[in-house]
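Written below as structure tokens is the structure these notes are about.
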Amino acid sequence: MKIISFNLNGIRSAINKGLSEWLSQESPDIFCVQETKAQPEQIDGMTLQSLGYKSQLVHSALKKGYSGVAVFSKQKPDYYSIGMGVTDYDSEGRVIRADFGDVTVVCVYIPSGTTGEVRQAVKMQFLEAFTEYLMELRKTRPNLVICGDYNICHKPIDINHPERHTNVSGFLPEEREWFDRLIDLGFVDSFRVFNREPNRYSWWSFRAGSRQKNLGWRIDYHIVSESLKSRLKSAAIYPQAEFSDHAPVMVELI
């Protein structure tokens, strides 16, 4: 089972700029998208279907052109659900769950707190609600793959010049402490099972030269249940595509 997670920064623009050709070449079994910035009727479902993605689950924000997640898969899930059951967060289109056999994929787009204290507070509240959601889900679905844009760099190795970012949303102590707690609850950072090198990032700002100088952040993850660690075949950060400021991340399960 090959799963790719990708913050597209707008799925309509990405399709116009070559997403379909890229997706045809990579051909994951499951394609999880964050920041669709589109309503369901605005997404080119026919093109995705022509690439084999018969199941198309879309969770859009009520605010048009904002947030949104989607899960496209070649096999229809045995079960799926949209949102966490918390209106404040579900209205922003942030979570989809899809069950495939004994594996449950959760696609998440965690809020950013970069616009100020109000949104940072929303982010921290979301993290606690999301943890509760995962713990309840794990009672009946122990094999979880939680993929998406976390908007958090977990370790100093995951960000350029960590000493410069200790007071910046995305690398705040309380955000990293939440990530520590998540791992301690029985989860694994799949990428770090295979790669422990520094300077492996999945997002670069639009600031001039940040990509060329590799001044990036690793904020896109596949976090998996400890029970799936023995089934990990590979995990990788792919090269950044031209149609997004993020790089896609991949995990493959046996």
Side-chain angles (χ1 to χ4, degrees), residues 5-14 32-39 42 58-71 82-97 106-135 146-156 158-183 189 201-207 210-211 215-223 244-247 249:
S5 179
F6 203 168
N7 180 318
L8 291 178
N9 193 26
I11 192 170
R12 289 171 290 174
S13 174
C32 295
V33 174
Q34 302 85 45
E35 213 168 353
T36 58
K37 295 184 177 180
Q39 300 301 305
Q42 296 176 308
V58 178
H59 183 23
S60 301
L62 293 181
K63 179 181 176 181
K64 293 185 177 180
Y66 176 73
S67 189
V69 291
V71 175
I82 303 296
M84 294 194 297
V86 182
T87 302
D88 287 349
Y89 307 128
D90 293 348
S91 66
E92 294 190 351
R94 297 203 174 270
V95 175
I96 293 177
R97 162 199 173 182
V106 177
C107 177
V108 62
Y109 179 37
I110 289 175
S112 169
T114 56
T115 57
E117 293 182 3
V118 172
R119 287 305 294 180
Q120 184 63 35
V122 169
K123 180 178 185 178
M124 298 309 299
Q125 292 160 6
F126 178 93
L127 292 174
E128 295 307 316
F130 188 55
T131 303
E132 293 179 13
Y133 167 80
L134 293 175
M135 294 303 96
I146 311 156
C147 56
D149 179 352
Y150 281 57
N151 268 314
I152 300 172
C153 294
H154 184 201
K155 302 286 188 181
D158 297 318
I159 193 171
N160 75 90
H161 301 294
E163 72 282 358
R164 301 178 186 175
H165 294 97
T166 54
N167 294 318
V168 178
S169 179
F171 197 60
L172 295 174
E174 57 266 35
E175 295 171 326
R176 297 173 58 209
E177 188 272 336
W178 170 83
F179 221 131
D180 287 338
R181 284 193 287 120
L182 181 67
I183 297 299
D189 181 347
Y201 307 131
S202 66
W203 176 79
W204 298 263
S205 75
F206 288 113
R207 189 172 64 247
S210 68
R211 183 66 183 91
L215 299 177
W217 301 42
R218 188 171 79 98
I219 57 177
D220 301 272
Y221 299 82
H222 287 102
I223 303 299
S244 177
D245 54 342
H246 287 249
V249 295

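What you see is a predicted model, and the numbers here were worked out from it, not measured in a lab.
Here the side chain of N160 pairs a donor or acceptor atom with the backbone of G216 at under 3.5 angstrom. A donor-acceptor contact shorter than 3.5 Å is absent between the side chain of N151 and the backbone of G170. In terms of modelled atom types and a separation under 3.5 Å, the side chain of E92 and the main chain of S60 share no donor-acceptor contact. Judged by distance alone, the side chain of S202 and the main-chain N or O of H246 form no donor-acceptor pair under 3.5 Å. For S91 (side chain) and L62 (main-chain N/O), no donor-acceptor pair under 3.5 Å exists by modelled atom type.
Aromatic ring orientation, F179 versus Y150: parallel (interplanar angle below 30°, classes split at 30° and 60°).
Checked against side chain to side chain contact (heavy atoms under 4.5 Å, CB included), S13 has the following partners two or more places apart in sequence or in another chain: K17.
Once rounded to the nearest 0.5 Å, the distance linking OH of Y201 with CG of D220 reads 14.0 Å. Note that CZ of R218 and NE2 of H154 are 9.5 Å apart. Values are rounded to the nearest 0.5 Å. We find the OG-CD1 distance between S244 and I11 to be 11.5 Å, quoted to the nearest 0.5 Å. Atoms CZ and CD1, on R94 and I82 in that order, are 15.0 Å from each other to the nearest 0.5 Å. Rounding to the nearest 0.5 Å places NZ of K123 at 13.5 Å from CZ of F130. In this structure, CZ in R97 is found 11.0 Å from CG in L134, a value given to the nearest 0.5 Å.
Checked by atom type, the side-chain pair D245/W204 shows no donor-acceptor distance below 3.5 Å. Looking at E174 and Q120, their side chains never bring a donor and an acceptor atom within 3.5 Å of each other.
Side-chain contact between C107 and Q34 is present, with heavy atoms from C-beta onward closer than 4.5 Å. Contact of the H161 side chain with the L215 side chain is registered, since non-hydrogen atoms from C-beta on lie closer than 4.5 Å.
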Applying side-chain contact (heavy atoms from CB on, under 4.5 Å), run through V108 and F126 and close with a yes or a no. CA-CA 11 Å; V108 62; F126 178 93; 3.9 Å; yes

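Checked against the 6.0 Å centroid criterion, the rings of Y89 and Y133 do not qualify as a close aromatic pair.
Residue Y221 forms a side-chain contact (heavy atoms from CB on, under 4.5 Å) with just one option from I146, D158, V249, I152, and that option is D158.
Between K37 and R12 the shortest heavy-atom distance is O-NH2, 2.8 Å.
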